[in-house]
Every structure is written in structure tokens, then in C-alpha cells.
Amino acid sequence: MLSKGSLRASLRRSLGMVVALSMGTATVHAADEPDTRTLSELRADLDARKTTSVELVEAFTRRIEAIDRNGPQLRSIIAINPDALKQARALDKELQTKGPRGPLHGIPVLLKDNIETADPMPTTAGSLALIGNVTRRDAPIAANLRAAGAIILGKTNLSEWANFRSRSSTSGWSAVGGLTKNPHVLDRTPCGSSAGSGAAVAAGLAPVAIGTETDGSIICPSAMNGVVGLKPTLGLLSGKYIIPISHSQDTAGPMATNVKDAALFLAALVGDTPACDPPSAGCAKSDYTKGLVPTALNGKRIGVLRFDPPGRNAYVTPVYERALAHLKEGGATLIEIKMPDLPGLDEAEDLVLHAEFKADLNAYLSGSPAKIGVRSLEQLIEFNKKTPAELALFGQDTFEKANAMPPLSDAKYMTARADGKRLAGVQGIMKMLAEHQLDLIVAPSTGVAPRVDSINGTRSPGSFTSLPAVAGYPHLTVPMGELKGLPLGISFIGAPWSEDVLLSAGYAFEQRAQARIIPKFIPSIETQERAFAPAVPSP
């Protein structure tokens, strides 16, 4: 649990950090360079006794201290697990006596701070109302990681309440953790809500992290921080003991520096038995690395989506064209397609999310075994009104709208949920795949990360997240290039339970593009351009 001193420090960060974002020089010394080894390389080094899990935990903890707490102060980590070293020692001993449980044995991982673990850390969703939410229980996905031998290193910062408190919220900010910075250019948003997970993996604070998504909260921060992110098919991973927004759309998912690591991490999250909620014939345990070969694009028919109108995010076009060329060179046939006209989809999603948030959050809060002072959305709204640090930057209009929603037995809600699934799924993604006989669809994941705006809130440059989010279909983003040091991602979207198809296509693309960039912690693009500008001769 956070100490009183830590809580006071958190309040100071929350009130001061975003209001006046520091633009000082972000020095990162050579000793603080990220560990760029992949999971497979870490596994090999652990097995060969070239390193130990204790050494990994200590190294990542030092890096967190150097650049997350100090230096550029990314603020991507809310809490370090006090039991991490104890877990590492036990797993080192087990490795010596019994061998590895699997690829994740002894590997430190990070979890977004809306996912419960049995460790002595609160699960806060970034809210001061849940500082005491220490449940000492593992979410099933955390239990699966523990069974695979992973070390829970800590919790990552997030957009408070997974970006579902206000329409004018600042992405990556929470009252507990302050503002997460984009490690590439520090005055740019890391996007949300899995901001901390994306920034931490990009900056080398852990090899992998878990994010969660309702609509874009894995894909956007992965793309804008320049890492790989996968939103799985809804139901592949259990959502139990994860602070909810919507059971119709919420899912956890892996975030990693490369596609193979994401595939290995996904397998560990799935565990021995997929959640499959509701049960589905397409949901089965899979070796997601089996299809990761450089030739995986050969013979694939891929639909190509573009921003509409064409001038939107025009700077993305040349980067996207290079990415499409890589797909074509890999043997894929590219077919230009258009997003179908789906009137009523946005309204259906809006109604479903607000209605389910009220019902799902009330159920979570009322069922928490922890000593917390709020047991309903209504009580949470009142808590925020009495807590200046919570409402210092933006309000809670989304909370208030959700609290006015009817129960889930209401006919309008049930109609909206059915309409959303039909429009996004059958008449959306599945129609595009069937009409053009496609294996998958690609699109720009989003635009370049905009500047942090703590007055007007974060504005999205556009994305293609809503159809797979509402339908509950898988969506993968892979780095495809950059603009002035800011990463751009390409999305791979497919039918339900097609994670293996997307990962194999993403891997083959990744091998050709080699587009991931390492963060340089630049204070601002303008600072960088001034530094390299030619000297102006005196008149």
C-alpha cells in the first residue's frame, strides 16, 4: 500500500505535473540504456546462467529509478512490487533444480494498474478513491503469468479509470500516477488508456507489459510509443478481477517490443485453458509462434483501408505506402477497400459503454474485499467532488452520464448491444473479408502523437479501432515507421479467433520493415530542430 509520504508525492505530481509539463533536458546516461534482449534471448541467457532473474529485477528497477522517477521522469510506473526480488530468488532456485517452466520463467513483467494481483500492491485504476484496494487476489491472467513463472515487477500508470471519466480527459494522466510521458518526444501524448504499459515497454523498463482495451486503449498507446500491441478476440482472456468499463468490449492484451515476444506473452496469458467466455468453437489453445516465419505473407489477400478523407493525416501516407510495399514484396495481394457505411454504430457503442460501465463498476466495487470507501459509481462521483486533486484538470461528465443510465434489462440497451455487434461484426469486418475474399485487413493504426493538452484534453488524430473493438475481433499493431522521431503503427485486423493469422502476417511484415525506433527522450520536436538548425550569420 502507498505510504502517506507516497500519497502526498502523488498528489503533488498530479496537480503540478500536467499543468506545467517540464521541458528541461532529458539526460539518459549510457549506463541507463535499455536491455534490448528479446524474451527468447533473455530465456537463453537465463538457461545458460549468463544472468539471473534477481539480476534482471535489479537492473529493471535501477532503470525505472533512473528514467521513470528521475531523468526524463516518464511516470509510467505506479508501483513496484515489494515481493519481486523474493519471487526472482525462488524462480532462480527452481530453474537450477527443475529447469524452466516455459519461455516466461523468471522474466519480469508489468501489469496495468486496473488488474488485480495477489501481491501487496493496490489496484487503483489511477484513482485516489482506490488507494486502499489491496485485494490480495490474482486476476486469472495474473495467475496464468505466475503459473508460467513470470515475475510481477509492478503496475503501470494509465489514463484514470481507463479514460472513461470525461470526454475532455488528458490521456495518460491519473491522480495516483501523474502524467505519463511519451519516451520518444516528451511533450507528446503516450495515448491511453494503457499509456504506462506502452511507454514502459518502449523505454525498456520491462520486456513486456499487459494493457487493456475497450476501444483503442491497447492499439493507440502501442502505436504512439512504437511497440507491438495485440487486442485479442473478446473472451480469449478472462476479465475477472480487472476493473471494468464494458463486458461487451473489455479485454486485456500483450504489449511488447516485437511480434514474437507478443505471441509468447499471449500464450502465457491464455494459460493452459483459454477463458472462451462465451464458449466458442474457434477458441482453442494455440502455439502463437508456430506461424511466425518470414514467408507468412506469401499468398495472403489483404484488404487496404485508408484515412477518409484522403487528406486526413496526410503525413502518414508516404510511411503507409512504404509499409504496403513491404507487404506486397512479401508475396501478399493487396486489394483497396472502403469502410462500409454503418449508420447508428457510434450511437449504439456509446449507449452500451455507459450502461455497462454503471452496472459493471457497481458490481466490481461492491464485491471488492479491500477496505475502500466507495462501493458504487454514485459514491465515487461524490468522492471526486470532495477531492480537489481528482478534478483539478477535467471533470467527470462521463461518470455522470453513466450514472443516469437505465439497468441492463432495459430494451434500448439490449437493442443497442445487438445492433453494435451486428454492424461492427457481420456488416462491418466480416462483410469486408467475405466480399473481397480477404485473409485480413490492414490500416494505419492512428496518426502521430499530438502534444499534451491539459486544458482541452487529448484529441485523437483518428484510428480504425472501433470496428474490431465493438465486434470483439482481434486487432494487432506493429511499428511501420516514424515522423520526426514519433512512431507510426500499422494495424492488422481479422475475423474472430484469428490471432495466429494476424501475428504471422505482422511478424513477416516486421522482418521486412525493421521499423521500430528506440526512444531518445527528446523534450520536443522544436527543441531537436533548433539544435540541428544551421547557424544564422550575423548581419
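Salt bridge absent: Glu378 and Lys358 never bring a charged side-chain N and a carboxylate O closer than 4.0 Å. Between Arg165 and Glu390, at least one side-chain N (NZ, or NE/NH1/NH2) sits under 4.0 Å from a carboxylate O, which counts as a salt bridge.
Contact check for Val109 versus Leu153: no side-chain heavy atoms found under the 4.5 Å cut-off. Residues Lys231 and Thr477 have side chains not in contact (no heavy-atom distance under 4.5 Å, counting atoms from C-beta outward). Val470 is listed as a side-chain neighbour of Leu345, based on a closest heavy-atom distance under 4.5 Å. Between Ile381 and Asn384, every side-chain heavy-atom pair lies at or beyond the 4.5 Å cut-off. The shortest distance between side-chain heavy atoms of Ser166 and Asp397 falls below 4.5 Å. The side-chain heavy atoms of Tyr364 and Glu116, taken from C-beta on, include a pair separated by under 4.5 Å. Considering only heavy atoms from C-beta on, Ile67 stays 4.5 Å or farther from Ile64 through its side chain. Asp35 has its side chain within reach of Leu56: a pair of non-hydrogen atoms, C-beta onward, lies under 4.5 Å apart.
Residues Phe307 and Tyr320 keep their aromatic ring centres 6.0 Å or farther apart.
Here Ile517 pairs with His184, Glu482, Pro487 under the side-chain contact (heavy atoms from CB on, under 4.5 Å) rule; sequence neighbours left out. By the side-chain contact (heavy atoms from CB on, under 4.5 Å) test, Ser238 pairs with Pro140, Lys240, Ala275, sequence neighbours left out. Contacts of Ala416 classified as side-chain contact (heavy atoms from CB on, under 4.5 Å), with partners at least two apart in sequence or in another chain: Ala348, Leu351, Val352. Judged as a side chain to side chain donor-acceptor pair (under 3.5 Å), and not counting sequence neighbours, the contacts of Ser466 are Asp215. Shown here are the side chain to side chain donor-acceptor pair (under 3.5 Å) partners of Ser193, two or more places apart in sequence or in another chain: Lys112, Ser217.
Judged by distance alone, with hydrogens and angles left aside, the side-chain atoms of Asp453 form no donor-acceptor pair with the main-chain N or O of Thr170 at under 3.5 Å. Judged purely by atom type and a 3.5 angstrom limit, Arg188 uses its side chain to pair as donor or acceptor with the backbone of Ala449. Without hydrogens or angle criteria, Glu356 side chain to His247 main chain gives a donor-acceptor distance under 3.5 Å. Judged purely by atom type and a 3.5 angstrom limit, Asp250 uses its side chain to pair as donor or acceptor with the backbone of Ile245. Although no hydrogens or angles enter the test, the distance criterion places no donor-acceptor pair under 3.5 Å between the side chain of Asn403 and the main chain of Phe399.
Taking a 6.0 Å sphere around CZ of Arg167, one finds it holds 12 or fewer heavy atoms contributed by other residues, nucleotides or ligands. In Glu347, the CD atom is crowded: over 12 heavy atoms of neighbouring residues, nucleotides or ligands sit closer than 6.0 Å.
Geometrically, Arg137 engages Tyr241 in a cation-pi contact defined by less than 6.0 Å to the ring centre and at most 45° from the axis.
Paired with Leu145 under the rule side chain to side chain contact (heavy atoms under 4.5 Å, CB included), one option of Asp138, Ile210, Ile107 passes, and it is Ile210. None of Leu74, Asn225, Thr458 except one satisfies the side chain to side chain contact (heavy atoms under 4.5 Å, CB included) rule with Pro190; the exception is Asn225.
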Determine, stepwise, if the pair Thr123 / Lys155 fulfils side-chain hydrogen bond (donor to acceptor under 3.5 Å, both in side chains). CA-CA 8 Å; Thr123 301; Lys155 298 283 196 77; 3.0 Å; yes

Checking Asp113 against Thr156 for the side chain to side chain contact (heavy atoms under 4.5 Å, CB included) test, could you report, in this order, the C-alpha distance in whole Å, the side-chain angles of both residues, the deciding distance, and whether it holds? CA-CA 5 Å; Asp113 194 32; Thr156 58; 5.7 Å; no

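Screening residues 152-208 for disulfide bond (SG atoms under 2.5 Å apart), with sequence neighbours left out, gives Cys191-Cys220.
The heavy-atom pair separating Pro444 from Phe464 by the smallest distance is O-CD1, 3.1 Å.
Rounding to the nearest 0.5 angstrom, the gap separating the CG atom in Leu111 from the CE atom in Met121 is 7.5 Å.
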